[in-house]
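Have a look at the structure below before the remarks.
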2 protein chains.
Amino acid sequence: MSFDLDGFLPYRLSVAAARVSRRFAALYEAEAGLTIPEWRVLAHLARSGSVSVRDIHERVALDKSVVSRAASRLETAGWLRKSGHETDRRLIVLELTPEGEALMARLGAIAARFQAELCAELGPGAEAFAAALSRLAGEG
Amino acid sequence: MSFDLDGFLPYRLSVAAARVSRRFAALYEAEAGLTIPEWRVLAHLARSGSVSVRDIHERVALDKSVVSRAASRLETAGWLRKSGHETDRRLIVLELTPEGEALMARLGAIAARFQAELCAELGPGAEAFAAALSRLAGEG
DNA sequence: ACATGTTCGTTGCAGAAGCAATGACTTTCA
DNA sequence: TGAAAGTCATTGCTTCTGCAACGAACATGT
């Protein structure tokens, strides 16, 4: 018997991730016209406070260039502010503007609702599911 | 407290999927220089026999244009053959060449090994994990 | 102090994805 | 039958990703 794509985990994982991302992207696209990388940068900033491009790049699984360009767009849109680091002048410090924080408050609520929706779809196994994802994302 | 990206399912799903896809892509890239869409088209063909671009597009979560271009590359590489449909001349029938089947036999074995590796990493919850993925991929 | 190597953010560029439009063909229905 | 609508694969075109290269700023070792 030949290979079964439908049972293949990398494939199923890709399809599920793409579908879920799309669903959620529609929400914040409607709310603020954000792309996926922009959303991730904002979300990370909301949690971590001021942080460099490098930090985000490492924590958020986005290429440096993607973070850099997303940050520039977000800056001109007024959601975040760039400033130089005190002692290390190579670093650029990113932080939310008040508008950015207000936006993230709204998006955070939307995200929480969406998360609840997903958990409902997953049923009681949601916890174990999330743990399994961590294991897969763990080490490359 | 502000939003926690790390606990957010769509994010974790994306990261895990990207990481797993990358790991596996390295394998078939080394074996045959395939891209992800090319791999998916071949894998689907191996299972379904001769099939149209439209079929693959629907079953495999790839844009029509992506399937079309992947099929063209695979044809010039000699892994598959295009031919016209008997009665409906709009359709293009794709099927593996003998070389393509031989390739998929090798890749199928590699994929099975990789799947086993993943299941080992997931432990006993692998079954439930796969079921959860189906639920998420189910309906948009 | 100074040369070498590293790290940071940005930019250039080749390749890929996503979407609409096109041309060829088929179905439908008046 | 014949016109309109639908379906199929391909092709253009814009946008984005991913990688390498670059200039600027620090670190290290002599």
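Excluded from the calculations below are hydrogen atoms, water molecules and symmetry mates; all remaining heavy atoms, backbone and side chain alike, are included. Below, chains carry the letters A, B, ... as their sequence lines are ordered, and counting in each starts from 1.
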Nearest-angstrom distance from the residue atom [atom1] of [X] to [atom2] of [N]:
X	N	atom1	atom2	value
B/Glu86	C/dC25	CD	P	16 Å
B/Asp55	D/dA9	CG	C1'	13 Å
B/Leu74	D/dT10	CG	P	12 Å
A/Arg73	D/dT17	CZ	C1'	11 Å
B/Leu34	C/dG15	CG	P	18 Å
A/Leu91	D/dA25	CG	P	12 Å
B/Asp88	C/dA24	CG	C1'	11 Å
A/Arg89	D/dA27	CZ	P	12 Å

Subject >> B/Arg22, CZ: over 12 other non-hydrogen atoms inside 6.0 angstrom >> reply: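 No, not enclosed.
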
Side-chain N or O of [X] less than 4.0 angstrom from OP1 or OP2 on [N]?
X	N	value
B/Lys82	D/dC8	no
A/Ser68	C/dT10	yes
A/Ser52	C/dG9	yes

With the threshold set at 4.0 Å, does a side-chain nitrogen-carboxylate oxygen contact exist between [X] and [Y]?
X	Y	result
A/Glu121	B/Arg135	no
A/Glu75	A/Arg81	no
B/Arg23	B/Glu117	yes
B/Asp6	B/Arg12	no

Original post:
In the 5'-to-3' direction, what one-character label does each nucleotide of nucleotides 18-23 of chain C receive under the scheme B = base within less than 4.0 Å of a protein heavy atom, S = sugar-phosphate only, - = no such atom?
Top reply: BB----

What does the list of N/O pairs under 3.5 Å between the protein and nucleotides 5-7 of chain C look like, with a distance for each?
residue	atom	partner	partner atom	Å
C/dT7	O2	A/Arg90	NH1	2.9

Original post:
Listed by chain and number, what are the ring pair (Phe, Tyr, Trp, His ring centres under 6.0 Å) partners of A/Phe24, not counting sequence neighbours?
Top reply: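 Testing A/Phe24 for ring pair (Phe, Tyr, Trp, His ring centres under 6.0 Å), a comparison that skips the adjacent residues, returns A/Tyr28, A/Trp39, A/Phe114, B/Phe8.
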
**OP:** Could you pick out which residue, A/Ile36 or B/Val93, lies toward the 5' side of DNA chain D when each is mapped onto its nearest nucleotide?
**Re:**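 Mapping each residue to its closest nucleotide by heavy atoms, the 5'-most match is B/Val93.
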
Heavy-atom distance under 4.5 Å between the side chains of [X] and [Y], does that happen here?
X	Y	value
A/Val15	B/Leu136	no
B/Arg59	B/Ser48	no
A/Arg73	A/Thr35	yes

